[in-house]
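I have placed the structure first, in the form of structure tokens, so that the comments after it can refer back to it.
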Amino acid sequence: MELGKQIKKYRNDMSLTQDELAEKVYVSRQTISNWENGKSYPDINSLVLLSEVFGTSIDNLIKGDVEIMKEQVKNEDIKKFQKLGQVFGVMLLLIVISPIPLIYFLGFVGIGILIALLIATIYTAVLVERKKKEFDIQTYREIIAFIEGKKLDEIAKSREEGKRPYQKVLLAFGAGVVTLVVAIIFMYLLR
């Protein structure tokens with residue numbers, strides 16, 4: 001959003017016409033129109049008057065662009081993280097359900113495909129972990145808050161950080177159990 005759009009937004013929020021705003025900042029209606037359409041920009045004195053009329057700081061008036069850009073970047077990060085998580089979920093599901101059919105029907109070729117799938121899944125997992133580290137999100141609650149575009153308050157954040165070591169141990173244990181179950185199924189089917 002440019003400065004002109006900010007001016008128009010604030011003017012509309014206050015239900016002012018261009019003429020009324022022009023009177024308050026001592027310029028013509030055409031000047032207000034030019035500012036709003038990006039044909040010209042207000043000088044320093046006009047910026048000060050605009051900020052007083054709108055009841056906001058000059059920073060907010062000018063830096064509206066920065067806040068919107070930050071929000072857009074954050075939304076893009078959330079979308080990328082969600083897509084990466086979905087890709088990882090699908091690959092993980094394939095790792096769980098595909099070994100038996102691949103090996104049973106394709107033999108050594110199936111083993112090769114399974115190894116390629118494992119490598120791709122591990123790579124995707126590494127990318128997910130990098131993003132989690134970049135955004136300082138580890139626990140389920142932190143991830144859900146991030147995806148929803150929210151932040152945990154300081155107390156909740158401290159509680160979640162305290163859970164991280166326990167959750168990692170439980171995840172490792174769960175992965176071991178799943179691996180054991182898959183290995184037992186393989187052994188049973190290969191007999």
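Since the structure is predicted, the reported quantities are computational estimates derived from the model, not experimental observations.
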Using the rule side-chain contact (heavy atoms from CB on, under 4.5 Å), only one of Ile113, Leu114, Val109, Ile115 pairs with Ile111; which is it?
Ile115
Is it true that Val178 and Ile122 fall in one hydrophobic cluster, defined by side-chain heavy atoms closer than 4.5 Å?
no
Are the side chains of Tyr10 and Leu50 in touch, meaning some heavy atoms are under 4.5 Å apart?
no
Closest heavy-atom contact between Lys131 and Leu84?
CG-CD2, 4.0 Å
Are the charged groups of Lys24 and Glu52 less than 4.0 angstrom apart, N to O?
no
Stepwise salt bridge (charged side-chain N to carboxylate O under 4.0 Å, His left out) test for Arg11 and Glu20:
CA-CA 9 Å; Arg11 180 178 62 79; Glu20 291 170 337; over 6 Å; no
Under 4.5 Å between side-chain heavy atoms, hopping through other hydrophobics if needed: is there a path connecting Phe108 to Ile119?
yes
Return the minimal non-hydrogen interatomic distance between Ser57 and Ser51, and the atom names on each side.
C-CB, 4.0 Å
Applying side chain to side chain donor-acceptor pair (under 3.5 Å) to Gln18 and Gln30, what does each step give before you reach the verdict?
CA-CA 8 Å; Gln18 287 182 339; Gln30 185 62 40; over 6 Å; no
Given the rule in the side-chain contact (heavy atoms from CB on, under 4.5 Å) test, do Asn45 and Tyr26 qualify, once you have shown the distances and angles that lead to the verdict?
CA-CA 10 Å; Asn45 292 331; Tyr26 310 107; over 6 Å; no
Between Val126 and Leu118, is there shared hydrophobic-cluster membership here, with clusters defined by ILVMFWY side-chain heavy atoms closer than 4.5 Å?
no
Please tell me if the side chains of Lys133 and Arg130 come closer than 4.5 Å, counting only heavy atoms from C-beta onward.
no
Could you walk me through whether Tyr41 and Ser46 pass side-chain contact (heavy atoms from CB on, under 4.5 Å), step by step?
CA-CA 9 Å; Tyr41 296 97; Ser46 297; over 6 Å; no
Nearest atoms (heavy-atom pairs only) where Ile100 meets Ile185
CD1-CG2, 3.1 Å
Are Phe88 and Leu127 close enough that some pair of their side-chain heavy atoms sits under 4.5 Å apart?
no
Are the side chains of Phe146 and Asp136 in contact, using a 4.5 Å heavy-atom criterion?
no
Please report the interatomic distance NZ(Lys79) to CD(Glu76), rounded to the nearest 0.5 Å.
7.5 Å
Within the 3.5 Å criterion, strictly below it, is a donor on Asn34 or Thr31 matched to an acceptor on the partner's side chain?
no
Could you report the tightest heavy-atom contact between Ile78 and Ile147, atom names first, then the distance?
CG2-O, 3.4 Å
Going from CD on Glu23 to CG on Leu16, what distance comes out if it is rounded to the nearest 0.5 angstrom?
10.0 Å
Provide the closest heavy-atom pair for Ile32 versus Val27 in the form atom of the first, atom of the second, distance.
CD1-CG2, 3.8 Å
When clusters are formed by joining ILVMFWY residues with side-chain heavy atoms under 4.5 Å apart, either directly or through shared neighbours, do Leu93 and Tyr123 land in the same one?
no
Are Ile95 and Met187 connected into the same hydrophobic cluster when the rule is that any two of I, L, V, M, F, W, Y join if their side-chain heavy atoms are below 4.5 Å apart?
no
Evaluate the criterion side-chain contact (heavy atoms from CB on, under 4.5 Å) for residue pair Phe81 and Ile137; output intermediate values, then yes/no.
CA-CA 11 Å; Phe81 185 74; Ile137 52 174; 3.9 Å; yes
Could you give the distance from NZ (Lys9) to CD (Gln6), rounded to the nearest 0.5 Å?
6.0 Å
Please identify which of these residues, Val25, Asp43, Ile44, meets the side-chain contact (heavy atoms from CB on, under 4.5 Å) condition with Leu49.
Val25
Are the side chain of Ser98 and the backbone of Leu94 linked by a donor-acceptor contact shorter than 3.5 Å?
yes
Is any side-chain heavy atom of Leu3 less than 4.5 Å from a side-chain heavy atom of Trp35?
no
Between atom OG1 of Thr124 and atom CD of Gln86, what is the distance when rounded to the nearest 0.5 Å?
13.0 Å
Ile7 CD1 to Phe54 CZ distance, which is reported to the nearest 0.5 Å:
6.5 Å
Could you tell me whether the side chain of Leu117 reaches within less than 4.5 Å of the side chain of Pro99, counting heavy atoms only?
no
Closest heavy-atom pair and its distance - Lys132, Ile143:
CE-CD1, 4.2 Å
